[in-house]
Structures are given as structure tokens and as C-alpha cells.
Amino acid sequence: MAVQFTRIAVKIGSNVLARKDGTLDVTRMSALVDQVAELRKAGVEVILISSGAVASGRSEIKPSKKLDSVEQRQLFSAVGQAKLINRYYELFREHGIPVGQVLTTKESFGTRRHYLNQRNCMMVMLENGVIPIVNENDTISVTELMFTDNDELSGMIASMMDMQALIILSNIDGIYNGSPSTPGTQVIREVEQGKDLSDYIQTEKSGFGRGGMLTKTTIARKVADEGITVIIANGKKDHILVDLLQHPAETVCTRFIPAEGGVSSVKKWIAHSEGFAKGELHLNEQAVKVLKGQKAVSLLPVGVVRIEGEFEKDDIVKIIDHRGRQIGVGRIGFDSAEARALQGKHGQKPMVHYDYLYLD
Ligand SMILES: Nc1ncnc2c1ncn2[C@@H]1O[C@H](COP(=O)(O)OP(=O)(O)O)[C@@H](O)[C@H]1O
Ligand SMILES: N[C@@H](CCC(=O)OP(=O)(O)O)C(=O)O
């Protein structure tokens, strides 16, 4: 079988795995596992990011008293994740493929050390023929430091693991150019770089999902900007995964065209680290112009007019333009006291070296 990619991350959304009544759709799961097995035989390396813990736990437990949303998530995911991974384990075993569970939190991407640790863990799994099945550790990750949803998590994994493509499977054929339920709207087949889709996206979400199409689009754009093809497709359709790789032109989906040229591993980490930013560097207009120019340059203290927040050397900071808009993130070379002492000065070492600077 000739396939378009040989290293892919596949995100399976809650709605793909849950039936209308919230129970786990094992038939669908089994069909997807068969397809992954087929791709593996064709030499494709796969990482799965699978939702469905909360959805599959919900039908198992009837809480004895009314629970708030955090308690519900913790209880259902604790029970549901065990059930989910057990199903995957059994289904993949029929194909003789070992799988391993990776439960992560947003914090585990916060420092470079933690990031590389996770990367190594998944590398060693792949090298040994084990398919990593990743999900957020919903039981222990509560509120502020949660992933928006598993779309965000899948973007971070695809980027961290240098995948060629990220396939986001939902319960819809792709992004429609209007409300999907309105007659006459169609799936947008290709999204070029820089195309704004916000007018098309409705805030509605499907039954069991968390983030909706808006987060999918934001994540897809960011990941495609790092040189990775992102595909949004319907995981409920038979044979979809194999079709996407074998017959890309004929298979309905939304495809984000990747940027050309690779992005370094450090820059990829920084690109997804905005949530951990400890401070802000506000720039003058000239500095913004230089940074946005064709040449790769570092951010020098002379272009910084204001510094917000307290941070240590090597923390992540947001880069803010002269109009107050965030234009990127970077790893700072000084702590906040040193940085304040240097701001506006000529002839100093970079505040953010080019290698650690990610501009939107
Ligand atoms: N323009 C659009 N095109 C496609 N889907 C859209 C659009 N706007 C909103 N949506 C909604 O986004 C939903 C998919 O997102 P989500 O509920 O997060 O699914 P998942 O659980 O698979 O991550 C669709 O079922 C649809 O209701
Ligand atoms: N980690 C959760 C998934 C939450 C989530 O964001 O799901 P999805 O809407 O598929 O992106 C679970 O396994 O239930």
C-alpha cells in the first residue's frame, strides 16, 4: 500500500468514541484499531491521542450525591480511562501490536526538562514497536492548568514528536464554510497559510466534546505553521484513516497546508509554552519592525520599553508589540531584575536569543 505519510499522530475525539447515550462505541473503536493496524503493516508509525475517558466512565457509575463538574470529571475519567485503555489493549492484541498508556498534564510540558522527558518516553515506545495511546490525566489535572481539550494536547504531541501529519478525527467531515447544518454549506478542503476562518466557526460543540471547532482551527494553524500537515476528518466514516493516507485527493476532509522549512525542536516547545509565560516584554515600534523583517534577529534590550511580571532566567515570556498585542513568546536570557536594569540600553547581550524566540 502506498501511503502519503509514514509518521502520524491521530487524535480520536470524544464524539467519535461515544454513542448518543454516552456509552463507549466499541464497534467504532475496533474499526479504528483495524485501520491503525493496517497502516502499521504499511510501515506507518502512529501515535494515538484518544479522548473518551469521561464519556466511557459516565455510563459506568451512578454517583451517590450530586457532584460538581470537576468531581464528575475526576470520577468518570478515573473509571473510564481504565476501561478505555483496557479495550484498546485487547483490540490491538488481536493484531499482535503492543500499546502503552501515556497520561499527561499541561504542566508536564512546562519546563524543557519535563518536555524532553516525555519525548524520550514516547521515542522509546515507538522504537520498540509500541503504540503510545495518550490522554490528559483528567483525574489530577484541575481547572487553570488543563489543556483546552485534547486537540491542544494532540497539537503538542505532534509537534514534540516531529510527526509529518496530525489527523484530528471528529464527528464531522471537516470545517464547513458556515453552520454545518445549513443547507448549501460545504467542507473547506484546503486551508492556505494565513487564512482566517473565524467567520465560519460556530461556537456550538458536539454532545461530549470540550473545545469545539474553534480550538481545532487554532491548534491546526499553529501546528501547520511548524511544518506539519493537519487534517480534520470524520472518524465515524468507515475506512477514513486508510483513505486519508492512500487516497488523499478523493477523501473529504479539511487539510491545513504546512509551512515550508522545519522549525527547531526548541522553537516548537516555545511555540506551545504560552500558557506558562511568567512575564511580558513590551517593545517599541522599531524593534517590532526588525523582528518581523526577513532577517532572523534576536531581541535586544534596546527595543524593550517595559517589562511586566517577575521571572527567572530561562523562563518563558510573552512578546508584546507597541500596540499592546502579543506577537510571540520566547525564553528570556535574564531574570526580571537584570532585564529591567538593561531595558532600553544599547550594546547588550540579547534579551531573547533568536534560537529561543517564536513569533506568531
Ligand atoms: N464551521 C464548522 N464546521 C464544522 N464543525 C463546526 C463548525 N462550527 C462549529 N462546529 C462544531 O464543532 C463540532 C466538533 O468539535 P468538538 O465538539 O470539539 O468535537 P470532538 O469531540 O471531536 O473534539 C462539530 O460537531 C460541530 O458541531
Ligand atoms: N481527556 C478527556 C477528553 C476531553 C476532550 O477535550 O475531548 P475532545 O472534545 O475529544 O477534544 C477524556 O478522555 O474524556
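Given the structure is predicted, the values throughout are model-derived calculations rather than measurements.
- With hydrogens and angles ignored, the 3.5 Å screen pairs a side-chain donor or acceptor of Lys83 with a backbone N or O of Ser56.
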Margin query: Would Val242 and Gln35 count as a side-chain contact (heavy atoms from CB on, under 4.5 Å) here? Give the steps.
Written below: CA-CA 6 Å; Val242 175; Gln35 293 177 61; 4.0 Å; yes

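- Of the possible donor and acceptor atoms, one in the side chain of Thr218 sits under 3.5 Å from a partner among the backbone N and O of Leu214.
- A side-chain N or O of Asn135 and one of Gln81 form a donor-acceptor pair less than 3.5 Å apart.
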Next item on the list: Dump the intermediate steps for salt bridge (charged side-chain N to carboxylate O under 4.0 Å, His left out) on Arg7 and Glu45, then the final yes or no.
Entry: CA-CA 5 Å; Arg7 248 175 108 76; Glu45 233 170 14; 2.5 Å; yes

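- Separation of atoms CZ (Arg323) and NE2 (His282) is listed at 15.0 Å; rounding is to 0.5 Å.
- A salt bridge links Asp162 with Arg119: the closest approach of a Lys/Arg side-chain nitrogen to an acidic carboxylate oxygen falls below 4.0 angstrom.
- Taking 4.5 Å as the limit, every side-chain heavy atom of Phe256 sits out of range of all side-chain heavy atoms of Thr229.
- Remark: side-chain polar atoms of Arg331 are not paired, donor with acceptor, to backbone N or O of Lys267 under 3.5 angstrom.
- In this structure, Ser141 and Arg73 approach most closely via the heavy-atom pair O-NH1, 3.0 Å.
- A distance-only check finds a donor-acceptor pair linking the side chain of Asp68 to the backbone of Val70 [under 3.5 Å].
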Next item on the list: Could you please spell out the steps behind the side-chain hydrogen bond (donor to acceptor under 3.5 Å, both in side chains) verdict for Glu136 and Thr105?
Entry: CA-CA 6 Å; Glu136 180 167 13; Thr105 60; over 6 Å; no

Note to self: Is there a salt bridge (charged side-chain N to carboxylate O under 4.0 Å, His left out) between Lys292 and Asp321? Walk through the geometry before answering.
What the structure shows: CA-CA 11 Å; Lys292 294 212 148 180; Asp321 74 5; 5.9 Å; no

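- Residues Arg112 and Ser273 bring no donor and acceptor atom of their side chains to less than 3.5 Å of each other.
- Val124 is not connected to Ile97 by any chain of hydrophobic side-chain contacts under 4.5 Å among Ile, Leu, Val, Met, Phe, Trp and Tyr, and they are in different clusters.
- Side chain of Gln343 to backbone of Val305: a donor-acceptor contact under 3.5 angstrom is found.
- Nearest heavy atoms, Gly309 versus Arg340: O-NH2, 2.9 Å.
- To the nearest 0.5 Å, atom OG of residue Ser108 and atom CG of residue Asn117 are 9.0 Å apart.
- A chain of hydrophobic side-chain contacts below 4.5 Å, direct or via other Ile, Leu, Val, Met, Phe, Trp or Tyr residues, connects Val99 to Leu24.
- Rounded to the nearest 0.5 Å, atoms CG (Leu166) and CD1 (Ile49) are 6.5 Å apart.
- Formation of a donor-acceptor pair under 3.5 Å by the Asp315 side chain with backbone atoms of Glu312 is found in this model.
- The closest side-chain heavy-atom distance from Ile168 to Ile12 is not below 4.5 Å.
- Side-chain atoms of Pro63 and Phe76, non-hydrogen and from C-beta on, do get closer than 4.5 Å to each other.
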Item checked: salt bridge (charged side-chain N to carboxylate O under 4.0 Å, His left out) evaluation trace for Glu90 with Arg93 -> CA-CA 5 Å; Glu90 297 293 343; Arg93 197 165 63 166; 3.3 Å; yes

Note to self: Would Arg28 and Asp238 count as a salt bridge (charged side-chain N to carboxylate O under 4.0 Å, His left out) here? Give the steps.
What the structure shows: CA-CA 9 Å; Arg28 180 57 45 206; Asp238 289 341; 3.4 Å; yes

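- Open room surrounds OH on Tyr89; 12 or fewer heavy atoms of other groups in view lie less than 6.0 Å from it.
- At a threshold of 4.5 Å between non-hydrogen side-chain atoms, the residues Glu274 and Gln326 count as touching.
- Between the CG atom of Asp173 and the SG atom of Cys253 there is a distance of 9.0 Å, given to the nearest 0.5 Å.
- In the hydrophobic clustering of this structure, Met29 groups with Leu39; members are Ile, Leu, Val, Met, Phe, Trp, Tyr whose side-chain heavy atoms approach within less than 4.5 Å, directly or through other members.
- Between atom CG of residue Leu84 and atom CD1 of residue Ile133 there is a gap of 7.5 Å, rounded to the nearest 0.5 Å.
- In the model, Glu310 has a side-chain atom that pairs as donor or acceptor with a side-chain atom of Ser336 under 3.5 Å.
- Taking the six-membered ring where the residue is Trp, Trp269 and Tyr115 present tilted rings, their angle falling between 30° and 60°.
- Looking only at side-chain heavy atoms (C-beta outward), Tyr88 and Val36 stay at 4.5 Å or farther from each other.
- Hydrophobic clustering, defined by side-chain heavy atoms of Ile, Leu, Val, Met, Phe, Trp and Tyr closer than 4.5 Å, groups Leu300 together with Val302.
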Margin query: Please determine whether side-chain contact (heavy atoms from CB on, under 4.5 Å) holds for the pair Arg189 and Val252, giving the CA-CA distance in whole Å, both sets of side-chain angles, and the decisive distance to 0.1 Å.
Written below: CA-CA 7 Å; Arg189 297 296 292 268; Val252 179; 4.0 Å; yes

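- Atom OG1 of Thr254 sits about 11.5 Å away from atom NZ of Lys216, to the nearest 0.5 Å.
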Next item on the list: Step by step, work out the side-chain hydrogen bond (donor to acceptor under 3.5 Å, both in side chains) result for Thr185 and Asn177.
Entry: CA-CA 6 Å; Thr185 51; Asn177 59 359; 4.8 Å; no

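- At least one donor-acceptor pair under 3.5 Å links the side chain of Ser154 to the backbone N or O of Asn150.
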Check: Between Lys236 and Asp25, is a side-chain contact (heavy atoms from CB on, under 4.5 Å) present by the stated rule, with each step listed?
Finding: CA-CA 10 Å; Lys236 296 244 182 214; Asp25 186 345; 4.2 Å; yes

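- With Asp335 contributing its side chain and Glu338 its backbone, the two residues share a donor-acceptor pair below 3.5 Å.
- Using a cutoff of 4.0 Å between basic side-chain nitrogens and carboxylate oxygens, Arg306 and Glu308 are scored as salt-bridged.
- Tracing side-chain contacts under 4.5 Å through hydrophobic residues (I, L, V, M, F, W, Y), one reaches Ile157 starting from Val266; they form part of the same cluster.
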Check: What do the steps show when you test Glu38 against His239 for side-chain contact (heavy atoms from CB on, under 4.5 Å), and what is the final call?
Finding: CA-CA 10 Å; Glu38 205 176 324; His239 227 242; 3.7 Å; yes

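- Applying the under-4.5 Å side-chain rule to Ile, Leu, Val, Met, Phe, Trp and Tyr, the cluster around Ile307 extends to Leu281, Leu283, Val288, Val290, Leu291, Val297, Leu299, Val304, Phe311, Val317, Ile319, Ile327, Ile332, Phe334, Leu342, Met351, Val352, Leu357, Leu359.
- Nearest heavy atoms, Ile228 versus Ser159: CD1-CA, 3.7 Å.
- Tested against Arg87, the residues Val26, Val33, Leu17 include a single side-chain contact (heavy atoms from CB on, under 4.5 Å) partner, Val26.
- For the pair Ile140 and Gln74, the minimum side-chain heavy-atom distance is 4.5 Å or more.
- Annotation: Glu107, atom CD; neighbour count of heavy atoms from other residues, nucleotides and ligands within 6.0 Å does not exceed 12.
- Remark: of the listed residues Glu152, Glu226, Lys106, Lys222, Glu226 is the sole one forming a side chain to side chain donor-acceptor pair (under 3.5 Å) with His272.
- Residues Met160 and Leu126 are members of one and the same hydrophobic cluster, defined by side-chain heavy-atom contacts under 4.5 angstrom among Ile, Leu, Val, Met, Phe, Trp and Tyr.
- Residue Tyr354 shares its hydrophobic cluster (ILVMFWY side chains chained together at separations under 4.5 Å) with no other residue.
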